[in-house]
Structure formats: structure tokens, C-alpha cells
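The next block holds one structure in the form of C-alpha cells; read it before the comments.
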Amino acid sequence: MKAVLPDEKIPKFWYNILPDLPEPLEPPLDPETEKPIEPEKLLRIFAEELVKQEMSRERYVEIPREVRELYAKIGRPTPLFRATNLEKRLRTPARIYFKYEGATVTGSHKINTALAQAYYAKKQGIERLVTETGAGQWGTALSLAGALIGLRVRVYMARASYQQKPYRRVLMNIYGAEVFPSPSDRTEVGRRFLAEDPSHPGGLGIAISEAIEDVLKDENARYSLGSVLNHVLMHQTVIGLEAKEQIREFEEPDVIIGCVGGGSNFAGLAYPFVKDVLKGKEEYEFIAVEPKAAPTMTSGVYAYDYGDSGRLTPKMKMHTLGHTYYVPPIHAGGLRYHGLAPTLSVLVNHGIVKPVAYHQTEVFDAATLFAKAEGIVPAPESAHAIKAAIDIALRAKEQEEEKVILFNLSGHGLLDLKGYEDFLEGRLEDYEPKEIPVLNGLF
Ligand SMILES: *Cc1c(COP(=O)(O)O)cnc(C)c1O
């Protein structure tokens with residue numbers, strides 16, 4: 001069973017949650033002065049329209065016609081499926097639906113914001129976009145966006161992934177992007193980390209610092225971020241706006257689930273539904289799923305922290321493990337981040353979104369069960385959402401409840417087969433965080 005929509009049903013507006021939040025966001029701080037950052041400073045880093053969107057109080061922001069046409073080209077609207085075979089295998093009375101963002105041409109939701117960001121940069125006359133990537137999904141999406149829109153793209157890719165996932169790098173190269181392993185010797189930040197350890201595995205926090213330093217050296221370049229920021233989460237709401245229309249062909253959901261790295265695919269599916277809860281119209285339950293190796297929501301603190309390890313970004317009030325947190329090398333590279341989107345942090349604080357955390361072996365267990373039942377091999381990140389959906393469906397069975405579950409399948413895992421191989425051969429390790437800097441006063 002599935003629901004597909006024609007091209008005309010690609011949303012015409014993104015939903016901006018800022019005016020509907022239960023409390024206003026705390027402003028980002030300038031790392032030099034610790035005062036709210038001046039928008040002018042942000043304009044040197046980000047395209048102008050994105051800085052405006054970051055602070056916009058407009059509830060609906062129009063999607064440019066050109067971006068909607070590109071959305072159609074890359075596979076939007078994406079399908080919504082009912083996981084009927086998974087339901088049968090679980091013998092649950094629950095009904096399980098999922099929105100499949102793996103159906104886009106780059107294989108994940110990241111292209112939804114990459115196209116918008118590249119569009120506004122090009123319109124402003126920017127020539128080059130620079131970014132970081134962990135597992136490679138975001139770098140791939142921005143590389144394609146650059147190719148479609150006519151911008152050069154440079155990607156700093158965490159060295160561990162650069163070595164473990166050579167095919168992601170090839171994909172970025174096919175789309176014409178330059179890819180450097182991070183830490184690299186091209187930036188001061190990179191050289192600092194290399195001096196500590198010449199074979200440093202890198203991480204998202206370091207790669208972000210390198211990308212920003214690179215941009216600050218080139219007037220015609222701007223930085224793009226793949227998650228966390230308000231405008232990125234807003235671009236992703238096309239997922240939930242489509243899903244709302246699709247699931248209503250069948251019924252109303254009770255529970256809405258997404259995995260969380262920085263929070264963008266979760267927000268993309270959930271925020272259009274969160275809106276109805278904030279307005280008192282509906283009573284959905286929201287579950288945000290993270291890895292136990294990077295337990296930002298379940299073990300972090302709510303505090304001002306840097307978005308990167310090199311301390312170049314503004315400080316944001318968010319759930320964080322501390323920017324010096326060492327994220328263990330789990331296969332869900334897209335979830336290896338110390339912080340969390342500020343808007344999602346507020347919703348967690350207010351109990352509107354409930355966080356849960358899982359270990360990677362139980363997540364891969366759920367992923368392979370899902371693949372056998374539904375045919376789709378999920379990205380290890382997305383499999384966190386699947387694990388939560390299965391747990392809720394099994395609880396519904398015990399309680400003989402007809403729960404309606406909707407989760408976001410944020411990407412496919414066809415370039416993550418190394419992780420699956422490790423799992424199938426019993427080589428996968430679970431990691432308990434050794435030391436959480438914020439809890440030890442180290443941050
Ligand atoms: C990047 C990524 C994530 C995590 O990032 P969010 O911003 O939290 O969505 C999840 N799933 C996939 C497939 C990704 O590529």
C-alpha cells in the first residue's frame with residue numbers, strides 16, 4: 001500500500017515553526033563578545049536570504065518556482081508506504097507507515113535543503129559553496145545541487161568516512177565537487193588537529209571549522225550547513241507537508257517518529273504535525289531517536305555551546321554533549337554530532353517531543369528485519385527510527401491497541417553495506433560514552 005502525489009502537489013510554502021514555539025528562541029551569541037551576534041557577521045558566512053530565513057517570523061515562506069521544479073527533478077513528492085509485511089511479521093494490531101526520503105536521487109532528505117541553499121547563493125552571485133560532511137549524504141546532496149544550479153562545491157569530509165566510504169566520495173566527484181579529507185593541511189584548524197595526531201579520524205565538528213575557515217579566505221564563497229539551523233529545518237518541512245496529505249488518504253497518525261543527528265529530518269516530518277499540537281488541535285505523540293554513542297537529548301545539558309570543534313561558529317542554546325565530545329565511530333555517521341537544533345531543544349524541554357536512545361546492534365537488528373519485510377535497506381541513521389517504530393508496534397500488541405505509527409525513512413543504506421557486513425559477521429560494537437565533557441565541567 002502506498003500513497004503517491006503528482007508534481008503539482010509539491011508544497012508551495014515551507015513551514016517555519018519559530019512564531020509557533022512555546023517560548024522564543026535564545027539568540028545565537030558572537031563567540032568573541034558573548035553578545036547576540038550581529039546579522040552582518042553572519043552575512044560573511046551564509047547567503048543573505050538564508051540569514052533572513054534564519055530569523056524570519058513568517059509562518060509560511062514561499063518556495064521559489066525554480067526550487068519546486070528542481071524538487072520534481074530529484075524525485076519529489078516522495079512516496080509514503082504502509083509497511084504491511086513488517087506489521088505481519090510483528091503480528092501487531094498497529095499500522096505502520098513511513099515516508100521514504102531514500103527515493104530522492106541522492107538517497108536521502110538532505111537534497112531538500114541543498115537545492116534551496118544553492119538556489120539563494122547563486123541568485124546572490126556567490127560562486128562557490130563550502131561545506132563539511134560526515135558519512136557523505138550531505139556532501140553528495142550539496143554537490144548535486146551545485147551541479148544543477150551552476151556553483152562550484154568544496155567538501156571537507158571526516159577522514160574516517162573518507163577512508164571507509166570511498167564510494168560516497170566518488171559520487172561527489174561525479175557531480176563535480178572537490179573533496180578533501182578532514183582534518184586537512186589546507187586550514188589552520190586542520191593543521192592544529194593533524195599536529196596532535198597525523199592520522200586523526202576527524203569528525204563533523206572539525207570539518208565544519210575547516211569549511212568556515214576556507215570561506216573566510218574567499219570573498220566569493222559561502223558556507224552551507226546540512227542541519228541544526230532554523231532555515232535548514234524549515235526547508236525540510238516539505239517532507240511533513242506531503243506526508244500529512246498522503247497519510248490522510250488512509251487515516252490519522254497517533255505517533256510520529258524520526259532519527260536525530262542535528263534534527264533536520266525529524267523536524268521535516270514532524271513540525272507540520274507539531275504545529276497542530278501547539279495550536280491545541282491534535283494530540284500526536286512525537287519520538288526523537290538518537291544513538292547511545294551520542295546521547296545529546298537523553299544525557300546532554302541545555303546550554304550555550306559552539307556548533308563546531310574549532311570554535312568558529314556562533315554559540316547556540318541547545319542540547320549538547322560539549323563541543324569537545326569525542327563521538328565514537330558508529331556506522332550511523334550522520335548521527336555523530338554533539339549538538340542539536342535549538343528549536344528541537346525547546347520542544348524536548350517542553351515535553352512535546354520525547355527522546356529515546358538505542359545501541360547500534362539493536363538498531364541493525366531492526367534494520368535487517370525491516371529489509372527482509374519491506375525490501376528497502378535503510379541507512380543506519382534511519383534504522384534508529386525503525387527500531388523505535390518496531391518497539392512501539394510490539395507494545396501495541398501487548399496492550400491490544402490499534403496504534404497508527406508514522407516514521408521517517410530518511411535515506412537508503414546502499415552505500416552503507418560495510419556496516420551491514422560488520423553486523424552480519426558479528427563484528428559490530430556498542431559504545432557507552434566514555435566521558436561527556438559537559439557533565440565533567442570540561443567544556
Ligand atoms: C544526515 C542524515 C541524518 C541525520 O541528520 P538530521 O539533520 O538529524 O536529519 C539522518 N538520516 C540520514 C539518511 C542522513 O543522511
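Atoms within each ligand, like the ligands themselves, are counted from 1 in listed order. Only a predicted model underlies this, so the values are computations on that prediction, with no experimental measurement involved. Any value given below was found using the heavy atoms of this structure, including those in side chains, with hydrogens, waters and symmetry copies removed.
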| query | Is the gap between the ring centers of H323 and Y306 under 6.0 Å? | reply | yes
| Are F81 and Y97 close enough that their ring centers fall under 6.0 Å? | no
Report yes if some N/O of [X] lies less than 3.5 Å from some N/O of ligand 1; otherwise report no.
X    : value
S264 : yes
F266 : no
G263 : yes
L335 : no

Do other residues, nucleotides or ligands put more than 12 heavy atoms under 6.0 Å from the [atom1] atom of [X]?
X    : atom1 : result
E283 : CD    : no
R128 : CZ    : yes
Y167 : OH    : no

| said: Using heavy-atom distances only, which candidate in E101, K110, E381 approaches atom 2 (C) of ligand 1 most closely? | reply: K110
| Protein contact to atom 4 (C) of ligand 1 [nearest heavy atom, distance to 0.1 Å] | G334 O, 3.4 Å
| said: Could you identify the single nearest non-hydrogen protein atom to atom 11 (N) of ligand 1 and state the distance to 0.1 Å? | reply: S410 OG, 2.8 Å
| task | Using the ring-ring contact (aromatic ring centres under 6.0 Å, His included) rule, collect all pairs that involve residues 130-162, keeping only residues at least two apart or in two chains. | result | Y156-F180
By number and element, which atoms of ligand 1 are closer than 4.0 Å to a non-hydrogen atom of [X]?
X    : answer
G411 : 13 (C)
S227 : 6 (P), 7 (O)
V260 : 8 (O)

| task | Give a yes/no verdict on whether any heavy atom in H109 is under 4.0 Å from an atom of ligand 1. | result | yes
| note | Sorted by chain and number, sequence neighbours left out, side-chain contact (heavy atoms from CB on, under 4.5 Å) with K12 holds for R68
| Are the side chains of Y337 and V228 in touch, meaning some heavy atoms are under 4.5 Å apart? | yes
